[in-house]
Enquirer: 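First the structure, which I've put down as structure tokens, then a few questions once you've had a look.
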Amino acid sequence: MYDGGGVFTKRNIMIEQILHIEIETCLLELYSAKNQNIQFQKTRKEFDGDVTLVVFPLLRVSKKGPEQTAQEIGHFLKEGVKEVCSFNVVKGFLNLSISSEFWFNQFKIAYNTEEFGIQEAKKDDPTYLVEYCSPNTNKPLHLGHIRNNLLGYSVSEILKASGKNVKKVQIINDRGIHICKSMIAWKKYGNGETPETSGIKGDHLVGKYYVEFDKYYKKEISELISSGMEEKQAEKEAPIFIQAQEMLRKWESKDEETVALWKKMNQWVYDGFEVTHKRLGVDFDKNYYESDTYLLGKKVVEIGLDKGVFYKKEDGSVWIDLSDEGLDEKIILRSDGTAVYMTQDIGTAIQRQEDFSFSNMAYTVGNEQDYHFKVLFLILDKLGYDWAKNCYHLSYGMVDLPTGKMKSREGTVVDADDLMEDMVQTSKSIAKDLGKLDGLSDKAADDLYEMIGLGALKYFILKVDPRKKMMFDPKESIDFNGHTGPFIQYTFARIQSLVSKYNSEISDIKFVNIKKEEQNLIKQILDFPSVIQEAATNYSPALIANYIYDLVKGYNSFYQNITILGEENDELKNFRVALSEKVALIIKDSMNLLGVEVPNQM
RNA sequence: GGCUCUGUAGCUUAACUGGAUAGAGCACCUGACUACGGAUCAGGAGGUUGGGGGUUCGACUCCCUCCAGAGUCACCA
């Protein structure tokens, strides 16, 4: 969960580092105490001050009441630390006010730092692998995949920004009975239909035949039942089902015709996925295919047997006993010698270690597989791979709909392509109603609708803590008021407009007296670096999303209450434009970490 | 049934990992464009954080116990 460097990344903005050192000296002098738990938090807005020291943990060494302890430390800091200009005590909380000169100077440094908060990875920085998407090739992507893709992509970008080398990978489930079902249905009832002849996107076309399969399968079952067969028997003996199984056997024995059909239909799916991925704005550095990796696990099994981690039953199947860890026995290899999912995952993990020498790996997979990954990491650890402890299951909750659960068999799935298109169309109609896009070319306007529609979707999904199940309400997600992506995009666009109306160049920023609103905004800006680090260690885009929202609210309040371009003092005006510009840059950089773009006009 | 996760305003959700009076948005009320974009801002109302115990200076957060929901426990993936 924490990076290996032992770096203390939490809330490490400059002022807390300074105060930390000073307070250590203070505690030593006043109470001869060392190595105390020094706890800071931001001062709540209803109190005076910028940084608050929680003194309760220090009462042990001060041997005095909270009020008095806080007073003593407060006096010491006010006397000895130039940044501390005043303090007050409320119960056990010491609120410290930091001089506006300090904040101003910090802002100046941030302003002059390009890509403030973002840390470029060097070659020998650790490499993180992020697996996400990992689809089956028998049907198109749906809403659940969207959450998966957005999370995986965003986490990758956040890790990059936190100074890690990152590789995005996916494993494509391209073999097995599911794809054979589509294949057999297409072969029997497809009449040679292709994406070209039908105009249907490849993944949707293959999905169509997966549904067809199910239709004929059910029909055959009921026919068999009405002719007197037991249901279970019928499910096994339905001709189309037997044909699908036969096809899988043919595929496994590398039957030429079957492999050719498999390749053709999978290619349709890949072409379709590519369109979806592109529109969604996600990409991958390397794809792994199950048809390549499903044989990998066998080597591993031998290693495991040699080490005594696994054991063989009489029928030849291979198992691991995890009952000491409070889990059960788990099968690693079937008695017929074929691999199960777990075998493959072990093999793939090791393969990836050979490919990338990663230090950490994150799997973006829904929480219904929590148990699977718990077991997987445990097995890798038992096999003696020291990187196993750095594997992380980025487990996310299901996406529910207001209408109920998403079930593919009941046809209540929200298709990814349809959803994106709906979002874009909605943003189009709203933007047209508002009529602010005069002077934009058709192309530029279309790009904008795309940006807003997808921005709304992405922000809505990413702002929720990944672990929690979430409710996706299409209506609410396209509401452009409130805590939404378009709200943030709007603020960005408005700043662009403001900055472009500022006639002069932003000159060297001179010290000016800043107001409370401005100081608050500066503090929010200075939080950005630690927010990135925190989001990275927690694998949580939601932390970024919520940070941006707070920043934007802070800015809008400033914007609404303080004149910027109307300010007569040139240095003050210069500062306020610079402040606005910096906020815009952070909005842009942080939104990009979510995979969301921001427009100059909307 | 065993194990895991979730439960916060009518709805969607935050809470710096144990800190101050639990923050926001939607919806509902009240105000604000003779300043830079009103897709905005200022304010009001709305909470026994599922219930009950415990730990402590202090609990949405940790422990126990119920209640409700979800997932998982296959020679499925």
Side-chain angles (χ1 to χ4, degrees), chain A residues 10-11 39-47 52 54-57 59 65-66 90-93 95 136 173 176-178 290 313 315-319 326-328 330-342 344-345 366-372 374 395 397-398 400 402 405 430-431 433-434 436 452 460 463-465 467-473 475-477 479-484 486-491 493-499 501-502 527 530-531 534 538 542-543 545-547 549-550 553 556-567 573 576-577 580 601-602:
Chain A
K10 216 178 80 188
R11 311 227 55 74
Q39 234 185 88
F40 293 110
Q41 54 184 321
K42 285 184 210 166
T43 304
R44 290 196 158 223
K45 63 172 182 289
E46 58 266 37
F47 301 105
T52 294
V54 185
V55 299
F56 291 109
L59 304 184
V90 181
K91 297 190 211 165
F93 298 90
N95 302 322
N136 288 350
N173 270 299
I177 192 73
H178 55 83
E290 196 191 316
K313 288 195 177 173
D315 61 7
S317 57
V318 177
W319 297 72
L327 309 172
D328 9 294
K330 197 83 191 169
I331 188 155
I332 304 294
L333 199 68
R334 294 194 187 98
S335 52
D336 64 5
T338 55
V340 293
Y341 193 38
M342 187 61 76
Q344 283 174 50
D345 265 359
N367 63 7
E368 69 272 14
Q369 292 195 37
D370 283 355
Y371 183 75
H372 174 79
K374 205 169 163 184
S395 165
M398 300 247 295
D400 284 332
K405 285 188 171 309
I430 293 177
D433 285 349
L434 289 166
K436 291 187 180 187
I452 297 172
F460 190 86
K463 73 175 177 178
V464 182
D465 185 335
R467 287 169 303 185
K468 296 192 176 175
K469 70 177 182 340
M470 68 169 291
M471 168 76 80
F472 179 76
D473 184 344
K475 275 192 192 128
E476 189 183 331
S477 76
D479 184 350
F480 287 178
N481 291 313
H483 190 177
T484 66
F487 170 79
I488 294 163
Q489 289 172 321
Y490 172 74
T491 302
R494 204 167 55 174
I495 297 175
Q496 295 315 297
S497 162
L498 178 98
V499 171
K501 281 187 181 141
Y502 181 58
D527 278 344
S530 60
V531 170
E534 214 181 317
N538 289 307
L543 296 177
N546 288 312
Y547 165 78
Y549 180 66
D550 286 339
K553 282 207 352 170
N556 283 340
S557 180
F558 156 79
Y559 175 90
Q560 204 74 215
N561 292 305
I562 295 177
T563 303
I564 301 168
L565 297 181
E567 172 58 45
K573 194 203 295 190
R576 287 180 186 158
V577 175
S580 301
Q601 180 185 347
M602 69 185 277

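Please read these numbers as outputs of a predicted model, since none were measured by experiment. Below, all heavy atoms of this structure are taken into account, side chains as well, without hydrogens, waters or symmetry copies. Letters A, B, ... are given to chains in the order of the sequence lines, protein chains preceding strands, and every chain is numbered from 1.
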Enquirer: With sugar-phosphate meaning primed atoms plus P, OP1 and OP2, does A:Asp550 contact a base, only sugar-phosphate, or nothing at under 4.0 Å between heavy atoms?
Expert: nothing
Enquirer: Please report the shortest heavy-atom distance between A:Lys463 and A:Asn546, naming the atom on each side.
Expert: O-ND2, 3.7 Å
Enquirer: Base, sugar-phosphate, or nothing for A:Gln39, non-hydrogen atoms under 4.0 angstrom?
Expert: base
Enquirer: Using every non-hydrogen atom in the two residues, find where A:Val55 and A:Pro66 come nearest and quote the distance to one decimal.
Expert: CG2-O, 3.8 Å
Enquirer: If the glycosidic angle is within 90 degrees of 0 it's syn, otherwise anti, so just tell me which one B:U65 is.
Expert: anti
Enquirer: Using atom CE of A:Met342 as one end and atom P of B:U72 as the other, report the distance to the nearest whole Å.
Expert: 14 Å
Enquirer: Nearest heavy-atom pair of A:Thr52 and A:Asn95: which atoms, and what distance?
Expert: OG1-OD1, 2.7 Å
Enquirer: Please give, in whole Å, the distance from B:A70 P to A:Met471 CE?
Expert: 14 Å
Enquirer: Among B:A77, B:U17, B:A14, find the nucleotide with the atom closest to the side chain of A:Arg334.
Expert: B:A77
Enquirer: Between B:A15 and B:U21, how far apart are the C1' atoms? Round to whole Å, please.
Expert: 14 Å
Enquirer: Write down the distance separating the P atoms in B:C29 and B:U61, rounded off to the nearest Å.
Expert: 36 Å
Enquirer: Select base, sugar-phosphate, or nothing to describe what A:Asp433 touches, counting heavy atoms under 4.0 Å on all strands.
Expert: nothing
Enquirer: When rounded to the nearest Å, what value does the distance between C1' atoms of B:A59 and B:G53 take?
Expert: 14 Å
Enquirer: Between B:C76, B:G25, B:U12, which nucleotide gets closest to the side-chain atoms of A:His483?
Expert: B:G25
Enquirer: Can you tell me, in whole Å, how much space there is between the P of B:U13 and that of B:G54?
Expert: 33 Å
Enquirer: Using a 4.0 Å heavy-atom cut-off to protein, can you give one letter per nucleotide of nucleotides 31-41 of chain B, 5' to 3': B if the base is in contact, S if only the sugar-phosphate is, - if neither?
Expert: ----BBBSBBS
Enquirer: By nearest atom, which of the nucleotides B:C76, B:U12, B:U72 is closest to the A:Tyr371 side chain?
Expert: B:U72
Enquirer: Which is more 5' along RNA chain B, the nucleotide nearest A:Ser335 or the one nearest A:Ala542? Just name the residue.
Expert: A:Ala542
Enquirer: Round to the nearest Å and state the distance from A:Leu543 atom CG to B:A15 atom P.
Expert: 7 Å
Enquirer: Can you tell me, in whole Å, how much space there is between the C1' of B:G69 and that of B:G50?
Expert: 11 Å
Enquirer: Determine whether a donor-acceptor pair (N or O, by modelled atom type, separation under 3.5 Å) exists between the side chain of A:Ser580 and the backbone of A:Arg576.
Expert: yes
Enquirer: When all nucleic acid strands are considered with a 4.0 Å heavy-atom cut-off, which category describes A:Ser395: base, sugar-phosphate, or nothing?
Expert: nothing
Enquirer: Can you tell me if A:Ser497 uses its side chain to pair, donor with acceptor, with the backbone of A:Ala493 under 3.5 Å?
Expert: no
Enquirer: Does a side-chain heavy-atom distance below 4.5 Å link A:Tyr559 with A:Arg494?
Expert: yes
Enquirer: Relative to the ring of A:His372, is the ring of A:Tyr341 parallel (under 30°), tilted (30 to 60°) or perpendicular (over 60°)?
Expert: parallel
Enquirer: Taking NZ, NE, NH1 and NH2 as the nitrogens, is one of them in A:Asp465 or A:Arg467 under 4.0 Å from a carboxylate oxygen of the other?
Expert: yes
Enquirer: Between B:A77, B:A15, B:U6, spot the one nearest the side chain of A:Lys469, thanks.
Expert: B:U6
Enquirer: Check whether any side-chain heavy atom of A:Phe558 sits under 4.5 Å from a side-chain heavy atom of A:Ile564, and report yes or no.
Expert: yes
Enquirer: Taking for each residue the nucleotide of RNA chain B bearing the nearest heavy atom, is the 5' side occupied by A:Arg467 or by A:Trp319?
Expert: A:Arg467
Enquirer: In dot-bracket notation, what is the pairing pattern of RNA chain B, taking Watson-Crick (N1-N3 plus N6-O4 or O6-N4) and G-U wobble (N1-O2 and O6-N3) contacts under 3.5 Å, with [ ] crossing and | for other strands?
Expert: (((((((..((((.....[...)))).(((((.......))))).....(((((..]....))))))))))))....
Enquirer: Look only at the side chain of A:Lys374 and the backbone of A:Leu327, and say whether a donor-acceptor pair between them is shorter than 3.5 Å.
Expert: no
Enquirer: Would you check if there is a donor-acceptor pair between the side chains of A:Tyr490 and A:Asn556 at a distance under 3.5 Å?
Expert: no
Enquirer: Excluding sequence neighbours, so at least two apart, what forms ring pair (Phe, Tyr, Trp, His ring centres under 6.0 Å) with A:Phe460?
Expert: A:Phe472
Enquirer: If the P atom of B:C60 is compared with that of B:U55, how far apart are they to the nearest Å?
Expert: 16 Å
Enquirer: Taking the minimum atom-to-atom distance to the side chain of A:Gln41, which one of B:G19, B:U21, B:A24 wins?
Expert: B:G19
Enquirer: Determine if the base of B:C33 is syn or anti; take syn to mean the glycosidic torsion is within 90° of 0.
Expert: syn
Enquirer: Could you tell me the separation between the CG atom of A:Asp465 and the P atom of B:C5, rounded to a whole number of Å?
Expert: 14 Å
Enquirer: Please measure how far the C1' atom in B:A42 lies from the corresponding atom in B:C33, and state the result in whole Å.
Expert: 14 Å
Enquirer: Measure NZ/A:Lys45 against C1'/B:A15 and give the value in whole Å, please.
Expert: 12 Å
Enquirer: In whole angstrom, give the distance that lies between atom NZ of A:Lys374 and atom P of B:U72.
Expert: 15 Å
Enquirer: Rounded off to whole Å, could you give me the NZ-to-C1' distance for the A:Lys91 and B:G58 pair?
Expert: 9 Å
Enquirer: When you compare B:C28 with B:A22, how far apart are their P atoms, in angstrom units rounded to a whole number?
Expert: 27 Å
Enquirer: Rounded to whole angstroms, how far apart are NZ on A:Lys330 and P on B:U72?
Expert: 12 Å
Enquirer: Can A:Phe56 be classed as stacking with the base of B:G19, given a centroid separation cut-off of 5.5 Å and a plane angle cut-off of 30°?
Expert: yes
Enquirer: Classify A:Val54 by what it touches in the nucleic acid, base, sugar-phosphate, or nothing, heavy-atom distance under 4.0 Å.
Expert: base
